[in-house]
Amino acid sequence: MAEVVVKDLVKRFGSETLAVDNVSFTVGEGEFVTLLGPSGCGKTTTLRCIAGLETPDEGDILIADEVFTSSRNGVCLPPEKRRLGMVFQSYAIWPHMSVSENVAYGIQAQGASRAEVSEKVVKALELVGLSGLGERNATKLSGGQQQRVSLARALAYNPRVLLFDEPLSNLDAKLRERMRVELANLIKELKLTAIYVTHDQAEAMVMSDRIIVMKDGRIQQEGDPHATYNEPVNSFVADFIGVTNILEGKAGERENGKGLWVDVPSLQSKILCAKGIDRDIAAGSDLLVTVRPEYIELGESGSNVHNVLEGQVSDAVYLGQSWDCLIQSGSFELRVQVRGDADIRAGQSVTMSISPSRCVVLSD
Ligand SMILES: Nc1ncnc2c1ncn2[C@@H]1O[C@H](COP(=O)(O)OP(=O)(O)OP(=O)(O)O)[C@@H](O)[C@H]1O
Ligand SMILES: [Mg+2]
């Protein structure tokens, strides 16, 4: 059963801005789902509608079968009746209070006894690794520690669902990377349901069970990190998640059980594509094909006999574990990632091959 149901959500700001344009998704119990997309695509607005901080123009929001918002029936529960934990980008720490007082703030408002509050605070601080810092003034902590305080506050509240809005983006790169893993592990350990907002694709990949990619208030694609990366549905998703090559082509014949031939004039070649072809594609129609740089292999390997390309290395940048190369093939400059121990130089002529299962036809 779905823990969170968002159905046909629409939110406008004035007559100009359609911030959320008919968004529907569900989040299962204990699932970690991320809303991912560029600035202004409607992530925060969607989250704020779930929290009850915005009233949507249309749509329903249910949590554990309870109707939180229903525009048709005029229902919109206030935030304090929703029992959801929220963690924001700004830590929202009260500067004049100690760490413990900050964590206690939400539960005191729920009317818990002193002993209960103190027990919950100690437990929450322990969970986020801040035991012993309870008496410290909250502003005398590092950014990472302050973010843990706001997480402890959300956890102490015993929320049904945790909502996160770019909680790590104010931390430095190293700490951010560590906190990603820690936070995702903690959420899993506690079996919490989480909806997480970020514009950082690496963060979404590392933390999520499922990623919902948004653009201009609309969902573009929904899937686990592996599927989102390897089978993007359109050029926006392919390009937003990771680095990729996007080739313009024309649909050709289907090769029985193996894929669809696509004529790519810029490569002066035909490419056999095995992904993104489970739909009617008229022969001769224009389409786009995406291939990730790391799936283009140097040399002519046996299984890839179909997609063999000749090229010349125009640029090769050494990154330690890999080479980031540009390889001219026909009139197209392919981005190719090669293992760091490969022997490769600018100017070199190379043969490349691509497995058809790595060639994805896009829907746009
Ligand atoms: N209170 C508001 N009044 C008017 N317009 C708003 C308001 N809040 C958001 N918007 C607009 O709605 C759209 C979606 O904004 P939202 O904050 O949801 O984007 P976001 O995906 O969270 O972006 P970011 O990554 O920059 O945080 C934007 O065009 C934004 O300018
Ligand atoms: Mg936002």
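Just so you know, ligand 1 is whichever comes first in the structure, and atom 1 is the first atom listed for that ligand. Here, residue 1 is the first one in the sequence, and each next residue gets the next number.
- If you look at Glu166 next to ligand 1, the close heavy atoms, those under 4.0 Å, all belong to the side chain.
- The existence of a salt bridge linking Lys11 and Asp21 is excluded, since no basic side-chain nitrogen approaches an acidic carboxylate oxygen closer than 4.0 Å.
- Taking 2.8 Å as the threshold, Thr44 counts as a candidate ligand of the Mg ion (ligand 2), since one of its N, O or S atoms lies below it.
- A salt bridge does not link Asp172 to Arg178: none of the charged nitrogens lies less than 4.0 Å from a carboxylate oxygen.
- Both Val121 and Leu162 belong to a single network of hydrophobic side chains, linked directly or stepwise wherever heavy atoms of I, L, V, M, F, W or Y lie under 4.5 Å apart.
- Here's the thing with Gly37: none of its N/O atoms is less than 3.5 angstrom from an N/O atom of ligand 1.
- Both the backbone and the side chain of Thr44 come within 4.0 Å of ligand 1, judged by heavy-atom distances.
- Where the criterion is an N or O separation shorter than 3.5 Å, residue side chain and backbone included, Thr17 fails it with respect to ligand 1.
- A salt bridge links Arg148 to Glu182: one of the charged nitrogens lies within less than 4.0 Å of a carboxylate oxygen.
- Ion pair Glu58/Arg12 flagged as a salt bridge, since at least one NZ, NE, NH1 or NH2 atom sits closer than 4.0 Å to an Asp/Glu carboxylate oxygen.
- A salt bridge is absent between Glu3 and Arg160: the closest approach of a Lys/Arg side-chain nitrogen to an acidic carboxylate oxygen does not fall below 4.0 angstrom.
- By the definition of a contact as any protein heavy atom under 4.0 Å away, atom 24 (P) of ligand 1 is in contact.
- Contact between Gly42 and ligand 1 is present, with at least one heavy atom of the residue lying under 4.0 Å from the ligand.
- Relative to the ring axis of Tyr157, Arg83 does not place its NZ or CZ within 45° and under 6.0 Å from the centre.
- Summary of contacts: the protein heavy atom closest to atom 26 (O) of ligand 1 is Ser39 OG, 2.6 Å.
- Looking at Leu36, Val197, Thr45, it is Thr45 that brings a heavy atom closest to atom 15 (O) of ligand 1.
- Nearest non-hydrogen protein atom to atom 14 (C) of ligand 1 is Gly40 O, 3.5 Å.
- In this structure, a donor-acceptor pair under 3.5 Å is absent between the side chains of Ser363 and Asn234.
- Neither side chain, Asn307 nor Ser353, offers a donor N or O lying under 3.5 Å from an acceptor on the other.
- Remark: minimum distance from atom 12 (O) of ligand 1 to any protein heavy atom is reached at Ala19 CB, 3.3 Å.
- Looking from atom 6 (C) of ligand 1 to the surrounding protein, the closest heavy atom is Phe13 CD1, 3.2 Å.
- Per-atom contact check: atom 30 (C) of ligand 1 does not touch the protein, criterion being a heavy-atom distance below 4.0 Å.
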